[in-house]
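For reference, the structure is listed below as structure tokens.
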Amino acid sequence: MSKKISLAISLMLSLVVSFFLVVSPASADTFEVKMGADNGMLKFEPSALTVHKGDTVKWVNNKLSPHNVVFDSTKTPVDAASISHKALVFAPGESFSTTFDQAGTYAYYCEPHRGAGMVATITVE
């Protein structure tokens with residue numbers, strides 16, 4: 001009888017352990033933001049985006065280049081220079097990415113087109 005109980009416990013433990021090995025944590029997502037709207041407007045699409053910690057945002061040059069992404073140091077919870085992409089992109093489809101690990105609201109703009117209203121925000125939950 002003791003062997004049957006021992007076997008049952010071993011089987012149960014194996015089942016529980018295998019469950020934890022199969023269940024993986026949620027993976028991070030990548031979100032795309034167009035630099036320049038499809039209709040030719042100087043804006044980011046989307047202009048407001050909500051992501052989760054660990055997610056990545058990929059900016060893709062779309063229309064009316066050149067564009068870049070500069071985070072506003074007064075409206076960003078981390079060092080804005082460390083996540084900005086000040087180099088201008090010219091070619092359609094050219095892109096760069098940033099992964100967000102700290103919650104907060106991040107305001108950014110395109111330097112050449114900020115005066116035209118090319119500004120946006122990312123909220124990291």
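Residue numbers start at 1 and run along the sequence shown. None of these values were measured; they are calculated from a predicted model.
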Here the pair of heavy atoms bringing V89 nearest to S65 is O-CB, 3.6 Å

Hphob cluster co-occupancy, F71 + V78, side-chain heavy atoms under 4.5 angstrom:
yes

Any donor-acceptor N or O pair under 3.5 Å, side chains N68, E111 = yes

Heavy atoms of L49 and P46 approach each other most closely as CD1-CG, 4.2 Å

Shortest non-hydrogen pair, T56 vs S97, comes out as CG2-CB, 3.7 Å

When rounded to the nearest 0.5 Å, the distance separating NZ of K43 from NZ of K63 is 13.5 Å

- Parallel, tilted or perpendicular: which describes the rings of Y108 and W59, with under 30° parallel and over 60° perpendicular? perpendicular

What orientation do F100 and Y106 show, parallel under 30°, tilted 30 to 60°, or perpendicular over 60°?
perpendicular

When rounded to the nearest 0.5 Å, the distance separating CE of M41 from CG of L64 is 10.0 Å

task = For residues T98 and V57, determine if any side-chain heavy atom of one lies less than 4.5 Å from a side-chain heavy atom of the other.
result = no

Separation between OG1 (T30) and CG (D55), nearest 0.5 Å, reads 7.5 Å

For S73 and A80, the nearest pair of non-hydrogen atoms, with its separation, is CA-CB, 3.6 Å

Residues D101 and K53: closest non-hydrogen pair is O-CD, 3.6 Å

Practice prompt. Test I122 against V51 for side chain to side chain contact (heavy atoms under 4.5 Å, CB included), laying out the working first.
Written response: CA-CA 7 Å; I122 296 171; V51 302; 4.0 Å; yes

Check: Can you hop from I83 to V33 via hydrophobic side chains spaced under 4.5 Å?
Finding: yes

G54 and T99 have their tightest heavy-atom pair at O-CG2, 3.5 Å

Quick note, side chain to side chain donor-acceptor pair (under 3.5 Å) partners involving residues 112-125, not counting sequence neighbours, are H67-H113

When rounded to the nearest 0.5 Å, the distance separating OG of S84 from CG of D72 is 9.0 Å

Going through the checks in order, is the side chain to side chain contact (heavy atoms under 4.5 Å, CB included) test met by M118 and F44? CA-CA 6 Å; M118 195 166 176; F44 293 102; 3.6 Å; yes

Note to self: If hydrophobic clusters are built by linking Ile, Leu, Val, Met, Phe, Trp and Tyr wherever their side-chain heavy atoms come under 4.5 Å apart, do F31 and V69 end up in the same one?
What the structure shows: yes

Those residues at least two apart in sequence (or on a different chain) that pass salt bridge (charged side-chain N to carboxylate O under 4.0 Å, His left out) with K34 are D38

